[in-house]
4 protein chains.
Amino acid sequence: MQKQHQSRAERTKRNIIAAAAELFAERGFEAVTMREIAARAGCSHTAIYLYFTDKETLLQHISMPPLQELREELAGILANDAAPEAQLNGICMTWIRFCLSHRNLYDVIFNVGAERVDEKDPKLEMNRLRNELFGMLMQAMRGCLPPGTGEERLLACTRIMFYMAYGIVGTYRHSPESLDELMARLGPTFRDAFRALLIGFNAIIEEGGNGG
Amino acid sequence: MQKQHQSRAERTKRNIIAAAAELFAERGFEAVTMREIAARAGCSHTAIYLYFTDKETLLQHISMPPLQELREELAGILANDAAPEAQLNGICMTWIRFCLSHRNLYDVIFNVGAERVDEKDPKLEMNRLRNELFGMLMQAMRGCLPPGTGEERLLACTRIMFYMAYGIVGTYRHSPESLDELMARLGPTFRDAFRALLIGFNAIIEEGGNGG
Amino acid sequence: MQKQHQSRAERTKRNIIAAAAELFAERGFEAVTMREIAARAGCSHTAIYLYFTDKETLLQHISMPPLQELREELAGILANDAAPEAQLNGICMTWIRFCLSHRNLYDVIFNVGAERVDEKDPKLEMNRLRNELFGMLMQAMRGCLPPGTGEERLLACTRIMFYMAYGIVGTYRHSPESLDELMARLGPTFRDAFRALLIGFNAIIEEGGNGG
Amino acid sequence: MQKQHQSRAERTKRNIIAAAAELFAERGFEAVTMREIAARAGCSHTAIYLYFTDKETLLQHISMPPLQELREELAGILANDAAPEAQLNGICMTWIRFCLSHRNLYDVIFNVGAERVDEKDPKLEMNRLRNELFGMLMQAMRGCLPPGTGEERLLACTRIMFYMAYGIVGTYRHSPESLDELMARLGPTFRDAFRALLIGFNAIIEEGGNGG
DNA sequence: TATGAATGAGAGTTCATTCAT
DNA sequence: AATGAATGAACTCTCATTCAT
């Protein structure tokens, strides 16, 4: 009997999460109302409040797991013994694959409430996670620049690398092509993008006397 | 008299458009209320409905001119006699400045979301414009790559350049910083981004025997 | 077993009453939720409905005991052999302490508002109690006025004494300070209030030839 | 035409105020909903927000005029050349008359949002006014105590005087008797109450060496 | 006996929009 | 041409209460 209760609750909670994820993805966080979510989840709008304190919290519950998954994947890449360039490339490609395979939630995860990627203040757990991701990218970047490159330069290069990843994802976010189709068609281009940046960074740093 | 009336009406209409454009750009479509627009336009909120059937329509009337302005600016850059690299850089930076100064407007105009599915044309209109812009970028790109670079390669490089611009804009779309603050803080980084790509492209093409 | 069940049920019921009494007293009837009561009572909120049809009924079950307790305390004071002034002071201070420690409960029980018009008895019940209390106060008062003071005079003095008590309670009914804080800060003032009245009464009666 | 607009607006506003005053008096501030007020005022609930920022503000608009009226009456008494005792008595009696003639709004005016009568922080305009009233009472009190009475003592005596007034009003707040009937029947008792307090205060202060 | 799950009515408030002038 | 007055639908969120077990 307890079990029945539990499973029912879990089912409802899952329904809510699924409905919210769909709706947020379809029409954006702000445009979706709690009542709509409830309607699609097949429960009353007040039931949502049994499982989530408020709308924002609901969003976070949806966004967190994928982000954590991504973090762990990236951490795995950083932990292996590959060459720095291979690591960086792995990070970038994984990042892209991730974002494109969570396309629908992308907006919600990356744009709601985020102000700067390199922001310090970790208001929300989500922002903290985003920053952690950025930190991983920076770590990978460090190994690919000339030794002695200043921190400021490193930060700038990481930012640029981030722009690139962000831009790729943004460009194909609404594409009807599947992740695999996309990667088959454009994977080499993406790879070239990161390689070109790396080459350019090193050239600029060398020429500039690798200062800060 | 008739004329005076007409001109007064036109003035009011222009005021409304100007006010709405400013406010939408400053704070986003949804966040702005009709009463605020009216206040800034110096008329009553009901007057807006004399000229525009609703808020959405008002937005559409606002969206086109800036886009055309952008296209003309970019065309102007392509038409001048500056060095290819300067042209390319000008195109990229102008594009970024444009998008960041029309930030929230940008959101609405450029992000073809699911809620627009039932609309007549905006998706196509936008894609047409995007393609036009992309063509200009490609044209500028051509002058910056080694002579004899194949079309496929050129296309790939242009795409990558586009990703970068797109990524920069996407990253700072929701930033609270003004355009000027943003450019002061990050302008050099943006410039470096495009330079690094160009350097990288040339290196890759050279090494690869500039094939198609 | 039957007995165990019964005693368990009774215990739960008592817990609920105790919890509700505390919470109503602490924060007022309206501000307290059934879930809070249940939490403090150590049962689920639905269990409350096993014992009380609704929140209002629960309140009614809570109201009487403290009032009876007060009456008995006052009777005890009247029954002891202390000096009349001590008795009177005891009555007044006890009354104040009672009302201020049942502050929000007091609100509901004592303030016969318009919303109670359709109830059966509370107005009368309350008035009965008020009168009883008033009678006790008058009894204590009698011992503190010059012998031979007329009944009318006695009545007036008692009334005035009652106003004072009532006014003190009313003034601090909504104070966020606890009973103890209040008594620490203002206890001497309250005491002075009753003393001053007593002194004044006697002076007035003496001067006026202690007539009726 | 402008006039018609104006008068309509004024009528609506008056209706809202009247409806809110009635309802607040009947059932208390918290228990009344904006929609109920609107219904009784014969307008939509949103119309209320055209005239009052929120519910609290509406309450203040209702409470302020009577309070200001009272203030002016009291100020008039303080300004005349009567003996201090006469002034104090006038203040107290006026206060009582006022409260009993505004019986229905009494609760709302004096109890909503008020925490301490002698509070300093003037969060709301209403609290400021209440404090001003208290200040007037204190000023009148000062003239009736022995010269050299400390401020603390003065404050305590004023508080006590206030309790008395408050208690009288509270006691007869729900009485069916009219103001005049009440004053005819109990006016002398009220007068005695204040006199007795004054006599008592002076006695206590003398005996205690009129310290602080 | 007792509970976790779920609900409906309703709170204050906002805003695009319409009506009457 | 223009406006002040007014509205209704919708928002997030709360809570006493009921249902199913």
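Worth knowing before you read on, the calculation uses all heavy atoms, side chains too, and leaves out hydrogens, waters and symmetry mates. Chain naming here is simple, since letters A, B, ... match the order of the sequence lines and numbering starts at 1 in each. No experiment lies behind these values; they were computed from the predicted model shown.
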K.L.:
Which heavy atom of Ile62(A) sits nearest to which heavy atom of Ala21(A), and what is that distance?
P.N.:
CD1-N, 3.6 Å
K.L.:
Test: ring-ring contact (aromatic ring centres under 6.0 Å, His included). Region: residues 34-60 of chain B. Which pairs qualify, not counting sequence neighbours?
P.N.:
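For residues 34-60 of chain B: Phe52(B)-His61(B).
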K.L.:
Rounded to whole Å, please give me the gap between CZ in Phe52(B) and C1' in dA2(F).
P.N.:
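Between C1' of dA2(F) and CZ of Phe52(B): 15 Å.
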K.L.:
Closer to the 5' end of DNA chain E via nearest nucleotide, is it Leu50(A) or Thr12(C)?
P.N.:
Thr12(C)
K.L.:
Roughly, in whole Å, what's the span from CD in Glu10(B) to C1' in dA1(F)?
P.N.:
13 Å
K.L.:
Look at all strands and tell whether Tyr51(C) reaches a base, only sugar-phosphate, or nothing, counting heavy atoms closer than 4.0 Å.
P.N.:
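Sugar-phosphate contact only.
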K.L.:
Taking Watson-Crick (N1-N3 plus N6-O4 or O6-N4) and G-U wobble (N1-O2, O6-N3), each under 3.5 Å, can you produce the dot-bracket string of DNA chain E? Use [ ] for crossing pairs and | for inter-strand ones.
P.N.:
.||||||||||||||||||||
K.L.:
As a quick check of understanding, evaluate side-chain hydrogen bond (donor to acceptor under 3.5 Å, both in side chains) for Asn15(C) and Thr12(C), giving each step before the final call.
P.N.:
CA-CA 5 Å; Asn15(C) 287 346; Thr12(C) 303; 5.5 Å; no
K.L.:
If you look at every strand shown and take non-hydrogen atoms under 4.0 Å, does Ala47(D) touch a base, only sugar-phosphate, or nothing?
P.N.:
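Answer is base: heavy atoms of Ala47(D) come under 4.0 Å of a base.
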K.L.:
Starting at atom CD1 of Ile48(C), determine the distance to atom C1' of dT18(F), rounded to an integer number of angstrom.
P.N.:
14 Å
K.L.:
Could you walk me through whether Gln60(B) and Glu56(B) pass the side-chain contact (heavy atoms from CB on, under 4.5 Å) test, one step at a time?
P.N.:
CA-CA 6 Å; Gln60(B) 286 173 19; Glu56(B) 192 93 9; 4.1 Å; yes
K.L.:
Do the side chains of Arg11(D) and Arg14(D) get nearer than 4.5 Å, heavy atoms only?
P.N.:
yes
K.L.:
Using every non-hydrogen atom in the two residues, find where Gln68(D) and Leu129(D) come nearest and quote the distance to one decimal.
P.N.:
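Residues Gln68(D) and Leu129(D), closest heavy atoms: CG-CD1, 3.8 Å.
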K.L.:
Which pair of heavy atoms, one from Ala38(B) and one from Ser44(B), lies closest together, and at what distance?
P.N.:
CB-C, 3.5 Å
K.L.:
What string of B, S and - do you get for nucleotides 11-16 of chain E 5' to 3' if you count protein non-hydrogen atoms under 4.0 Å?
P.N.:
SBBBBB
K.L.:
Decide yes or no for Leu59(C) and Lys55(C): does some side-chain heavy atom of the first lie under 4.5 Å from some side-chain heavy atom of the second?
P.N.:
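Of all side-chain heavy-atom pairs linking Lys55(C) with Leu59(C), none is under 4.5 Å.
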